[in-house]
Amino acid sequence: PVLAAEAVPPVAIAKPAKKLEPRPIPPLAPLDRRARRDVARGLQPLDGRIDLHGLRQAEAHRALLEFLYAMHHRGAKLTLVITGKGGGLDARGEERGVLRRLVPHWLADPALRTIVLGYEPSAPGHGGEGALYVRLRRARKA
């Protein structure tokens, strides 16, 4: 038997689902000149600081993550991360200054970029090249 065209129910064609693309990560934003000057002079206080001296890479990474997430949760805007200047070899013959090189990579990691707005070397009074000012994004209210 042949079916008439009217007897066959129309077939709904599914539209392809919208492809959800991840939000682009905005570029890092350093402190402007005035804010940097105010922080260096002590006119704008730091909301927190962490000293990573003496920690191994894994310990320092974990401590940095915990510190930054806690500060972000508290609504902090500007923190100081002290890495030390490093240089030379330690008593075991391992290179010093590893954290100074790694912390900027950790801060630029997409996992932290959700809370880190920017970072830059600190003023000499806060440690100079051995420390970083880290700007945090505002915490979103649920």
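- Pairing each heavy atom of Ile50 with each of Ala63, the nearest pair is CD1-O, 3.6 Å.
- Residue pairs satisfying the side chain to side chain donor-acceptor pair (under 3.5 Å) criterion with at least one member in residues 64-74, sequence neighbours excluded, are absent.
- Counting only heavy atoms from C-beta outward, the side chains of Arg37 and Arg41 approach each other to under 4.5 Å.
- A salt bridge is defined here as a Lys NZ or Arg NE, NH1 or NH2 lying under 4.0 Å from an Asp or Glu carboxylate O, and Glu129 with Arg100 meets this definition.
- Cluster membership check: Leu112 shares its hydrophobic cluster with Met71, using side-chain heavy-atom separations under 4.5 Å among Ile, Leu, Val, Met, Phe, Trp and Tyr.
- Under the rule for a ring-ring contact (aromatic ring centres under 6.0 Å, His included), the partners of Tyr133 that lie at least two apart in sequence or sit in another chain are His126.
- Between the Asp32 side chain and the Ala35 main chain, a donor and an acceptor come within less than 3.5 Å of each other.
- Here the NE2-CG distance, from His53 to Leu55, works out to 10.0 Å after rounding to the nearest 0.5 Å.
- Residues Leu65 and Leu99 share a single hydrophobic cluster, defined by chaining ILVMFWY side chains whose heavy atoms lie under 4.5 Å apart.
- Within the 4.5 Å cutoff, the side chain of Val81 has no heavy atoms near those of the Arg49 side chain.
- Taken together through direct or relayed side-chain contacts under 4.5 Å among Ile, Leu, Val, Met, Phe, Trp and Tyr, Trp106 and Tyr119 form part of one hydrophobic cluster.
- Among the candidates Leu132, Leu136, Val116, the single residue satisfying the side-chain contact (heavy atoms from CB on, under 4.5 Å) test with Thr79 is Leu136.
- Taking hydrophobic clusters as Ile, Leu, Val, Met, Phe, Trp and Tyr residues chained together by side-chain heavy-atom distances below 4.5 Å, Leu117 does not share a cluster with Leu68.
- Across all their heavy atoms, Glu59 and Arg56 have their closest contact at OE1-N, 2.9 Å.
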- Message: I'd like to know whether Glu120 forms a salt bridge (Lys or Arg N to Asp or Glu O under 4.0 Å) with Arg36, so could you lay out the CA-CA distance, the side-chain angles of the two residues, the decisive distance to 0.1 Å, and finally the verdict.
- Response: CA-CA 10 Å; Glu120 63 184 79; Arg36 183 173 171 76; 2.8 Å; yes
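- Summarising the geometry, atom CG belonging to Leu31 is positioned 7.5 Å from atom CD belonging to Gln44; distances are rounded to the nearest 0.5 Å.
- Criterion: ILVMFWY side-chain heavy atoms under 4.5 Å apart, direct or through other members. Under it, Leu107 and Leu78 are not part of a common hydrophobic cluster.
- Proximity of Leu52 to Val103: side-chain heavy atoms (C-beta onward) are separated by under 4.5 Å at one or more points.
- From His61, atom NE2 reaches atom CG of Leu102 across 9.0 Å, with rounding to the nearest 0.5 Å.
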